[in-house]
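Have a look at the structure below before the remarks.
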Amino acid sequence: MGGVRIVTDSTSDVPAEVASELDITIVPAYVQLGNESYRDRVELSRESFYQQLPDMQDAPTTAVPPIDDFATAYRRCAHEADEVVAILVSGTLSGMCSAARVAARQVPELKVHVVDSGQLSMGLGWMVIAAAEAAALHRGTGEILAAAQAVGRRLGLFAMLDTLDHLRRSGRVSWARAEASRILRIKPIVRVAEGEVAVLARTRTRRRAMDHMVERAAAMGPLERLAVLHTLAPEVDEFRQRLAGLCDA
């Protein structure tokens, strides 16, 4: 026995086939829909969630997994590894890191390093993948952590919000601001970095928003890797094609 295993949470959006190939353990977040609670990507697929979202009467919420879920994941890893590196969603956006640290104390036979990524979605996902690739090469913990942190310093995570309605329903944006954005057809473009979400631009159309994101990506220079995530966006294939030429690979 020996080596290091990588753990993350389901908000990382690491594709299931990549997680399987690189032995990444994913601890599901919980999604609350009305009176029902579901494990993200296990009991409720993203596609199903986004299909239901427009018709939901109450705003869905997410919850940190129980501490026992993390402890169980660690114990599984202990059968194959001496150490775990758990890279998780930003601590400013979720209590995931706190739960993971408490759970680590319940598994004293395993050394667990909990890393606050300062990121979410595939911003977190790329850090997790870099760590898992280093672990697969039998690198030490220091090199694995350095690989993840190096990716974290270089990555850019951008998003276009087609509507502020869901943020309004969650209480994160006022009704007046959401209504003004709807009337003016404003599509905010945001960037996530170091646990903070910043508005970079406000565009009037989806076409201009996509143009802006392509321009942002191109300005970063040739990209090592690129991921496109969407919530059933009809233009996603065209958008992918426009971005494809920006990658080295």
Side-chain angles (χ1 to χ4, degrees), residues 1-33 35-46 49 60-149 151-152 194-195:
M1 189 179 73
V4 182
R5 287 289 300 272
I6 308 302
V7 171
T8 189
D9 62 83
S10 63
T11 70
S12 65
D13 291 325
V14 174
E17 61 273 19
V18 175
S20 177
E21 179 183 349
L22 293 174
D23 285 330
I24 299 169
T25 297
I26 298 179
V27 179
Y30 281 68
V31 181
Q32 188 74 27
L33 303 182
N35 295 323
E36 300 294 330
S37 185
Y38 302 90
R39 288 182 296 164
D40 180 34
R41 296 172 58 180
V42 176
E43 299 165 339
L44 180 68
S45 71
R46 296 294 175 80
F49 173 79
T61 58
T62 57
V64 173
I67 290 168
D68 283 348
D69 286 14
F70 276 106
T72 298
Y74 296 155
R75 291 189 185 100
R76 290 198 197 103
C77 293
H79 294 301
E80 303 173 2
D82 298 318
E83 298 185 54
V84 159
V85 172
I87 308 175
L88 306 167
V89 64
S90 172
T92 63
L93 303 173
S94 168
M96 202 77 71
C97 287
S98 296
R101 290 190 180 100
V102 173
R105 295 198 288 270
Q106 297 183 8
V107 192
E109 67 273 21
L110 186 69
K111 189 168 185 179
V112 179
H113 308 265
V114 176
V115 178
D116 181 340
S117 69
Q119 275 291 341
L120 52 76
S121 189
M122 276 302 295
L124 164 59
W126 285 128
M127 295 175 66
V128 170
I129 289 170
E133 289 174 339
L137 294 173
H138 307 291
R139 306 299 190 203
T141 303
E143 290 179 274
I144 291 170
L145 292 170
Q149 290 160 355
V151 167
E194 298 180 354

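Computed from a predicted structure; not experimentally measured. Residue numbers start at 1 and run along the sequence shown.
The shortest side-chain heavy-atom distance between S94 and V64 falls under the 4.5 Å cut-off. Counting only heavy atoms from C-beta outward, the side chains of V107 and F70 never approach each other to under 4.5 Å. Between V128 and I24, some side-chain heavy-atom pair lies under the 4.5 Å cut-off. Y30 has its side chain out of reach of T62: every pair of non-hydrogen atoms, C-beta onward, lies at least 4.5 Å apart. Looking at L22 and V18, their side chains come closer than 4.5 Å, going by heavy atoms from C-beta outward. Side-chain atoms of R46 and D13, non-hydrogen and from C-beta on, do get closer than 4.5 Å to each other. Using a 4.5 Å heavy-atom threshold, the side chains of V27 and V7 count as touching. With contacts defined as side-chain heavy-atom distances shorter than 4.5 Å, the pair I129/M122 qualifies.
Between P65 and A99 the shortest heavy-atom distance is O-CB, 4.3 Å. The minimum heavy-atom distance linking Y74 with A100 is given by the pair OH-O, 3.0 Å.
Heavy atoms of other residues, nucleotides or ligands lying less than 6.0 angstrom from CZ of R75 number more than 12. More than 12 heavy atoms of other residues, nucleotides or ligands lie within 6.0 Å of CD in Q32, so this atom counts as buried by the packing criterion.
Taken from OG in S117 to CD1 in I87, the straight-line distance is 8.0 Å, to the nearest 0.5 Å.
Side-chain N or O atoms of T72 include one that pairs as donor or acceptor with a backbone N or O of D68 at under 3.5 Å.
T25 and R5 form a side-chain donor-acceptor contact under 3.5 Å, judged by distance and modelled atom types alone. Counting only N and O atoms by type, the side chains of Q119 and S90 include no donor and acceptor under 3.5 Å apart.
Between D69 and R39 there is no salt bridge, since none of the side-chain N atoms of the basic residue sits less than 4.0 Å from a carboxylate O of the acidic one.
With I6 as the partner, the side chain to side chain contact (heavy atoms under 4.5 Å, CB included) test is satisfied by one option alone out of V84, I144, V14: I144.
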